[in-house]
Protein chains: 2
Amino acid sequence: MPELPFTLDQLRILKAIAAQGSFKKAADLLYVTQPAVSLQIQNLEKQLEITIFDRGGRKALLTEAGRLLLEYCERILNQCDEACKAIEDLNSLKGGTLVIGASQTTGTYLMPRMIGLFRQKYPEVSVQLQVHSTRRTGWSVANGQIDLAIIGGQLPGDLENLLQVIPYATDELALVLPSKHPLSNKKELLKEDLYKLNFVTLDSQSTTRKVVDKLLQDSGLEIQRLKIEMELNSLEAIKNAVQSGLGASFLPVVSIERELAAGTIHKAFIADLEVKRALKLITNPSRYTSRASEVFKKNILPQFASLDSPLRKI
Amino acid sequence: MPELPFTLDQLRILKAIAAQGSFKKAADLLYVTQPAVSLQIQNLEKQLEITIFDRGGRKALLTEAGRLLLEYCERILNQCDEACKAIEDLNSLKGGTLVIGASQTTGTYLMPRMIGLFRQKYPEVSVQLQVHSTRRTGWSVANGQIDLAIIGGQLPGDLENLLQVIPYATDELALVLPSKHPLSNKKELLKEDLYKLNFVTLDSQSTTRKVVDKLLQDSGLEIQRLKIEMELNSLEAIKNAVQSGLGASFLPVVSIERELAAGTIHKAFIADLEVKRALKLITNPSRYTSRASEVFKKNILPQFASLDSPLRKI
DNA sequence: GAGTCTCCATAAAAATTGATTATCCAAAAA
DNA sequence: TTTTTGGATAATCAATTTTTATGGAGACTC
């Protein structure tokens, strides 16, 4: 590993002298004394074993070696300036990348709106959204591939301790029926009515599915008695199936806002049963938090947080 | 003029850490202690107001800002390395340019051989030859446009003192006749025979012409009695004129070697008259001497110098 | 899970580097 | 000539950097 034969300061001085044609003027320009520039140039010449300036006449003129060095000097200093600007932009959120993680539901129905808001405020920060399972998202946050994420499922125990988990919002999983289903006229269903329905569900690996199963089970239902018409792996597909009258399903309300408004899907109420899950914000406290990430968490998320979230208070 | 927010040393350290994935290993690589590395990175982070490394785990990982900076860092350091190499090449004569000045005669007949020899030894140094009048060449040397030059005439007095003038070689100006000229049979001519000749000469502005006139005059000849058939401004043109039988001329022997060997031109000897002029090497002592110029003067010129030149002794 | 190791941070002391003031010298300008 | 200007040099002084020594936190080992 070779020693560096010059410093940026020396290059800066070299450039100044070349521009001003004089050691003294360069010194004035750089707000140092003339001996300082003299010594630095002498050091530079000694270290590179070249003569850079002809000091003979009234003006300090570059030698051939001097001209050669000046060329590189300008390039190097330009790169330095550019680097500074890039860093500044990053600091002032005029650049950089924010990587956000989310589970299927949040990623599909919530994040686009949030990211839109963020980009409106900081159009020069590029945002990347990664939709993965809770588990995978958790690991990505842990090893820094994702800056922050919102998940709806339960993290593996080891990650639970490693990451910072903040309750963020409550996501209601509504029971939805085809709008022309006989039961869609009843004001309120009973739990037992569920056994009469044909369900279209997410596949059993899905976090959302597990959450729903667990909540139903906790409320005293025997989930093996529920009839499952089919298992699909996309919420959109399930929505279409329900609208086509193929069956009922538990779907996040955020995912069916449009359909409810249009009346193509019916949301049913069940006595003594609310299927709700907590959405959680996860970050990695042991990692550097980018400015963009910070701002997203402080300014964007709270606007979508539920009232009981700690994020509301900020 | 903005302060530089980082030093090359810091960039070097940054690069080393990024490459090694560890502060300690970087320290070892750079032959410094680990705290030195730590502090420099801390300074860098403080000055740029960014976090560069996540120091959490086993390895030091770059943050987004770190990666951004590293990119510029590599570019900058590469430019530095390149600059060093270019300078080294210049020092070791593996690059650079040598600008040589010469008058018409030397430039045409002597320099090409010298430059050939030089380029054979240092093929990577590009050589530029500028053929101009003695006067103009002198000024070019004075203001540094030419590294060194060989002239055959007299410099203006002021330049004479400013420049270093070293006798370099003696250039004989031979009286040449058409080979079928009646006088070309005589073993030796008398001075008076010159009055019988028709001369083809360089134009009267030319340094060589002035030198010849002066030497003839000094030897007692009345130059206004010499018959001048025509004045041309090119030695080659004169050579052709002489070969065509149009007249006689005084020409530098170096310029007619080939013609003498071929017998197309006759060189006459004149009793008690030798027309010789001194070729002189001129350099500018108050200016930086490039390595190439140095080497040319020390190693190439002597091989072509006459025995009485100081350059021979080197 | 206690012990050990590794790696980074920190504090104080030592060394190196760089800047300044005060002259000096040489060359250009008057 | 004399004066002026620009650069070199020397000694002092200040700042930065490096080192030594030490502490603490996380990661492997048994």
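Letters go in sequence order (proteins before strands), and every chain restarts at 1.
Listed by chain and residue number, A:Glu64, B:Val99, B:Ser126, B:Gln128 satisfy the side-chain contact (heavy atoms from CB on, under 4.5 Å) test with B:Thr97 (two or more places apart in sequence, or in another chain). In this structure A:Glu124 satisfies the side-chain contact (heavy atoms from CB on, under 4.5 Å) test together with A:Lys94, sequence neighbours excluded. Take A:Gln40 and apply the side chain to side chain donor-acceptor pair (under 3.5 Å) test, not counting sequence neighbours, and it matches A:Gln10. For the ring-ring contact (aromatic ring centres under 6.0 Å, His included) test, residues two or more places apart in sequence or in another chain that qualify with B:Phe118 are B:Tyr122, B:Phe296. Considering only residues two or more places apart in sequence or on other chains, B:Thr106 meets the side-chain contact (heavy atoms from CB on, under 4.5 Å) condition with B:Ala102, B:Ser103, B:Leu110, B:Ile150, B:Leu279.
Under 4.0 angstrom from either OP1 or OP2 of C:dC8 there lies no side-chain N or O belonging to B:Ser38. Distances shown here put every side-chain N or O of A:Gln42 at or beyond 4.0 Å from the OP1 or OP2 atom of D:dG7. At the phosphate of D:dG6, neither OP1 nor OP2 sits under 4.0 Å from any side-chain N or O atom of A:Arg55. For the OP1/OP2 pair of C:dC8 and a distance below 4.0 Å, the side-chain nitrogens and oxygens of B:Ser22 include at least one atom meeting the criterion.
A straight line from CG of B:Leu162 to P of C:dA26 spans 17 Å, rounded to a whole angstrom. The separation between B:Gln20 atom CD and C:dC8 atom C1' is 16 Å, rounded to whole Å. Rounded to whole angstrom, the span from the NZ atom of A:Lys25 across to the C1' atom of D:dG7 amounts to 14 Å. If you measure from atom CD1 of B:Ile52 to atom P of C:dA9, you get 12 Å, rounded to the nearest angstrom. Rounded to a whole Å, the NZ atom of A:Lys46 is 12 Å from the P atom of D:dA8. Remark: C1' of D:dT9 and CD1 of A:Ile41 are 16 Å apart, rounded to the nearest angstrom. Atom CZ of B:Phe23 is separated from atom C1' of C:dT10 by 14 Å (rounded to the nearest Å). Regarding A:Phe53, its CZ atom lies at a distance of 10 Å from the P atom of D:dA8, rounded to whole Å.
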So A:Arg135 and A:Thr207, side-chain hydrogen bond (donor to acceptor under 3.5 Å, both in side chains) or not? Walk me through it.
-> CA-CA 9 Å; A:Arg135 184 186 204 80; A:Thr207 306; over 6 Å; no

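For B:Lys24, the side-chain atoms get nearest to C:dC7 when compared with the rest of C:dC7, D:dG7, C:dT10.
A salt bridge does not link A:Lys85 to A:Glu82: none of the charged side-chain nitrogens sits closer than 4.0 Å to a carboxylate oxygen.
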For nucleotides 15-22 of chain C, just jot down a letter per nucleotide in 5' to 3' order: B, S or -, based on protein non-hydrogen atoms under 4.0 Å.
-> ---SSBBB

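Screening residues 62-103 of chain B for ring pair (Phe, Tyr, Trp, His ring centres under 6.0 Å) gives no qualifying pairs among residues at least two apart or on separate chains.
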Can you give the donor-acceptor pairs under 3.5 Å from side chains of residues 14-28 of chain A to other protein atoms, not counting sequence neighbours?
| from | atom 1 | to | atom 2 | distance (Å) |
| --- | --- | --- | --- | --- |
| A:Ser22 | OG | A:Lys24 | N | 3.1 |
| A:Ser22 | OG | A:Lys25 | N | 3.1 |

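At its two ends the helix from C:dG1-D:dC30 to C:dA30-D:dT1 runs along axes set 30° apart, each axis drawn from five pairs and the angle rounded to 10°.
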